[in-house]
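I have placed the structure first, in the form of structure tokens, so that the comments after it can refer back to it.
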Amino acid sequence: MAAAQPRFLGIPISPLTQRRLDSFRANRRGFWSLWIFSVLFVLSLFAELIANDRPLLVRYDGDFYVPVVVEYPETTFGGIFPTEAYYRDPAVAELIDAKGWILWPPIRFSYGTINYHLTSPAPAPPSSDNWLGTDDQGRDVVARLIYGFRISVLFGLTLTIVSSVVGVLAGAVQGYFGGLTDLLFQRFMEIWSGMPTLYLLIILAAIVEPNFWWLLGLMLLFSWMSLVGVVRAEFLRVRNFDYVRAAKAMGVSDIVIMVRHVLPNAMVATLTFLPFILNGSITTLTALDFLGFGLPPGSPSLGELLNQGKANLHAPWLGITAFLILAVMLSLLVFVGEAVRDAFDPRKAFK
């Protein structure tokens, strides 16, 4: 009886893919780094349930309310103002406690919440209310770290995916068709890559008001070139193989040959580069935020927190906290990238 084909998440996989998965698992540092990074990222996706100045659930006068999702006026809880209730106000809390209860998230601050009850001037040192202290505007550092981590990773993932798609397409066209197409593309890339990327980003960010999507578009103008070289080299190598020539002789279209017969070979090199591209994307966003040309003022940002640490040397918890978070996050991605690279390396057989 034939052995059952191995599966991954219910999907049949080839023996080669199984060997690569086993090799990745064998790299304990990379394997556990992926798990730790994934857990941190998933937790950050639910930042509103972890750090928020709105309660998760309120029971008042026999009814349930969900302030973390729905805005309720203060009059709903017996107040006098028709505007949204500020639940950190002791008066509002007393009104609710008189006829019900409040369920708060673990951290009672959002990324923009100012703590008006500090016992020392901002930036305040760590305390029972602010576990890692506050920044120079009285905002909780832990809350800003959670939201900033989420924005950084989402920005990096989006930029990595979009730039990888563009880079793979450009490299595929260059390598497959070659000749004049490849020559013109290469000359264009030599000119484009010679531009001072960071300075251009700073200039463009100073002309337009920066936001998440503007920064994503501006960085995409330059980040797509990171994969072109490896994809182009793979297409140049594979396009002269016998099975590609046979497919052309049978009348198979160029698009089908590129996608079904050549691209899978190029994806091996592409996948090994993705964690390092994600690392670079996060670093670039952090650098722009540190220089003041990144996300809009007030946005939770690791780079902005680093800048505050530089400007407030008497508050070392700001710089140390931002540095440690960035060091851990980027180190985890590097370890994952090394494990993926080794898993796809045919010279390193799994034992």
Side-chain angles (χ1 to χ4, degrees), residues 14 16-17 20 155-205 207-208 213-285 288 333 337 340-341 343-347:
S14 65
L16 176 60
T17 303
R20 289 169 176 169
F155 183 90
L157 284 174
T158 306
L159 180 61
T160 299
I161 293 172
V162 177
S163 62
S164 297
V165 171
V166 177
V168 168
L169 289 176
V173 171
Q174 281 187 250
Y176 183 80
F177 293 103
L180 183 61
T181 302
D182 184 32
L183 180 65
L184 294 177
F185 257 109
Q186 284 297 101
R187 299 295 80 77
F188 169 76
M189 287 186 58
E190 289 174 2
I191 297 173
W192 195 248
S193 62
M195 295 184 179
T197 305
L198 185 59
Y199 292 122
L200 287 176
L201 288 174
I202 292 175
I203 293 172
L204 293 174
I207 296 175
V208 298
W213 298 108
W214 261 111
L215 286 175
L216 185 67
L218 293 177
M219 292 177 65
L220 179 61
L221 292 176
F222 304 97
S223 61
W224 61 271
M225 293 182 291
S226 56
L227 286 176
V228 173
V230 294
V231 176
R232 169 180 174 270
E234 190 64 27
F235 269 76
L236 283 172
R237 182 179 70 89
V238 176
R239 68 173 185 162
N240 292 320
F241 282 6
D242 291 340
Y243 70 89
V244 175
R245 292 176 176 272
K248 288 183 179 180
M250 294 174 63
V252 180
S253 64
D254 292 332
I255 297 296
V256 173
I257 295 175
M258 293 170 65
V259 174
R260 296 187 58 182
H261 302 294
V262 185
L263 184 60
N265 296 305
M267 290 307 296
V268 173
T270 300
L271 291 175
T272 60
F273 273 89
L274 289 183
F276 302 104
I277 296 175
L278 174 59
N279 206 327
S281 301
I282 294 175
T283 303
T284 304
L285 177 63
L288 288 174
L333 289 175
V340 172
R341 181 193 61 196
F344 282 93
D345 190 348
R347 296 170 297 179

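Fair warning: this is a prediction, and the values are worked out from it, not measured in the lab. Note: hydrogens, waters and symmetry copies are ignored here, and every other heavy atom, side chains too, is used.
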The ring pair (Phe, Tyr, Trp, His ring centres under 6.0 Å) partners of F235 (sequence neighbours excluded) come to none
For V173 and M258 the tightest heavy-atom approach is N-CE, 4.1 Å
Shortest non-hydrogen pair, L227 vs V230, comes out as O-CG2, 3.2 Å
Across all chains, not counting sequence neighbours, the side-chain hydrogen bond (donor to acceptor under 3.5 Å, both in side chains) partners of R260 are none
The test is side chain to side chain contact (heavy atoms under 4.5 Å, CB included); show your working for M219 and F155 and say whether it passes. CA-CA 11 Å; M219 292 177 65; F155 183 90; 3.3 Å; yes
Worksheet item: Heavy atoms, side chains only, cut-off 4.5 Å: are L285 and I282 in contact?
Response: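 No, every pair of side-chain atoms sits at 4.5 Å or beyond.
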Can you tell me how far apart [atom1] ([X]) and [atom2] ([Y]) are? Round to the nearest 0.5 Å.
X: L220; Y: S281; atom1: CG; atom2: OG; result: 10.0 Å
X: L183; Y: Q174; atom1: CG; atom2: CD; result: 10.0 Å
X: F222; Y: T284; atom1: CZ; atom2: OG1; result: 11.5 Å
X: L263; Y: I257; atom1: CG; atom2: CD1; result: 13.0 Å
X: L274; Y: N279; atom1: CG; atom2: CG; result: 12.5 Å

Q.
Give me each pair satisfying salt bridge (Lys or Arg N to Asp or Glu O under 4.0 Å) with a member in residues 244-258, each pair once, sequence neighbours excluded.
A.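 For residues 244-258, and leaving out neighbouring residues, there are no salt bridge (Lys or Arg N to Asp or Glu O under 4.0 Å) pairs at all.
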* To do: May I have all residue pairs that pass salt bridge (Lys or Arg N to Asp or Glu O under 4.0 Å) and include part of residues 165-183, sequence neighbours excluded?
  =>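 Sorted result for residues 165-183: D182-R232.
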| request: Count the heavy atoms of every other residue, nucleotide or ligand shown that sit under 6.0 Å from CG of D242, and state whether that count exceeds 12. | output: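 No, CG of D242 has 12 or fewer neighbouring heavy atoms, counting only those of other groups under 6.0 Å.
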Donor-acceptor contacts under 3.5 Å from residues 158-170 side chains, at least two apart:
residue: T158; atom: OG1; partner: L154; partner atom: O; Å: 2.7
residue: T160; atom: OG1; partner: G156; partner atom: O; Å: 2.6
residue: S163; atom: OG; partner: L159; partner atom: O; Å: 2.6
residue: S163; atom: OG; partner: T160; partner atom: O; Å: 3.3
residue: S164; atom: OG; partner: T160; partner atom: O; Å: 2.5

Here the ring pair (Phe, Tyr, Trp, His ring centres under 6.0 Å) pairs for residues 156-191, sequence neighbours left out, are F188-W192
